[in-house]
Amino acid sequence: IVLQTMVLVAFTRAGLMRAAKDTFESMPEIDLVCCNAIVSSFCMNGYLQEAKRFLEKLPCQSLDLLNSLLSGYARERNIENALCLFKNMPQHDPCACTTVIVMLIHEGKLTEAQSVFYKMPHKDLISLNTILHAYASNGYLYEAVSLFEREMPVHDRVSVTAMISAFGQEGETSKAKEIFDQIPQTDLVSWTSLLSCYVQNGCLESARQIFESMTQRNILSWNTMLCGYAQSGHLEEAKNIFMNMPQRDVVSWTAFLTVFCNAGDIDSAFEIFLRIPQKDSVCWNAMLTTYARNGHLEESKRHFDTMPKHN
RNA sequence: UAACCGCUGUGAUGCUA
């Protein structure tokens, strides 16, 4: 059993689910370990109907397996099955609750997410952070602050990052900075969110200082700084960032395109647009906006008709 | 029983409304 289980697991890690399943079915005897292995790998690879069928045959269904299936449903946004499974689970651990809460938030059902949250017997830091972030990013600043200050015994970088973007969206840059200064251990994400806060509020000098003092940067931090210059029409600075960044993605290209949109330089914008690898709907829209904002009705109509997708 | 490692539920960037 042990050897065959090892083979089975090797197949699942390689994504060869068919072979894993054949291995499982050829086993003369099975035990809990190999059952768990096959079912959880079905879940992780999106074979949920298979997972469910196997799971129903097992004499005892471990909470871990039910959680795996639940997160499988959540991943493919199968709300109905997820909620049904959740209701019928013998226990709701923080992991299962958080999975459902995230799914509900994703669906815009904040009230339902809240009610799952309130019923949790043990609210761990991750579930608190999840709800905090939902408040913070949906404009419920008061609720976010109150949760953060009154109901959370401890905070980590994730909690603080949520608060920074909440304050940032409300234009409270100094409160964002105040909270940032309380983080015991900052990381790239918290630095970038403070950077983004300054950028969103047009504090380009503070943004620049933050950006320069960052000990590490990734494409998101470069993009954030680029957006700051792009949105405020700082052509030279934007060019400088764009030329010096180690890598570029669609976001970088689109941000750079908007510099020319704002400057009314349609030809340069279009040149940029043509060079964007892997165009997505946002960059198509950005080009459309460039025509529309600058009074080129005919061009914008033509561009609209060539767009692969409209939203 | 403990330590370490790996996986797993939460955080940061672009157009428009």
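All of these numbers come straight from a predicted model, not from anything done at the bench. Every chain is numbered from 1, with letters handed out A, B, ... down the list of sequences.
- A donor atom on one side chain and an acceptor atom on the other are found under 3.5 Å apart for A:Ser196 and A:Gln200.
- At a threshold of 4.0 angstrom between heavy atoms, the contacts of A:Arg293 are confined to the sugar-phosphate backbone, with no base atom among them.
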Practice prompt. Treat primed atoms plus P, OP1 and OP2 as sugar-phosphate and everything else as base, then score nucleotides 7-14 of chain B 5' to 3': B for base contact with protein heavy atoms under 4.0 Å, S for sugar-phosphate contact only, - for none.
Written response: --BBBBBB

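- By the neighbour-count criterion of 12 heavy atoms within 6.0 Å, atom NZ of A:Lys57 is densely surrounded, having more than that number from other residues, nucleotides or ligands.
- Atom NE2 of A:His310 is surrounded by more than 12 heavy atoms from other residues, nucleotides or ligands within 6.0 Å.
- Counting only distance, with no hydrogens or angles, the side chain of A:Ser268 and the backbone of A:Asp265 share no donor-acceptor pair below 3.5 Å.
- Look at A:Arg208 and A:Glu212 and you find a salt bridge, because one of the NZ, NE, NH1 or NH2 atoms lies within 4.0 Å of a carboxylate O, short of that distance.
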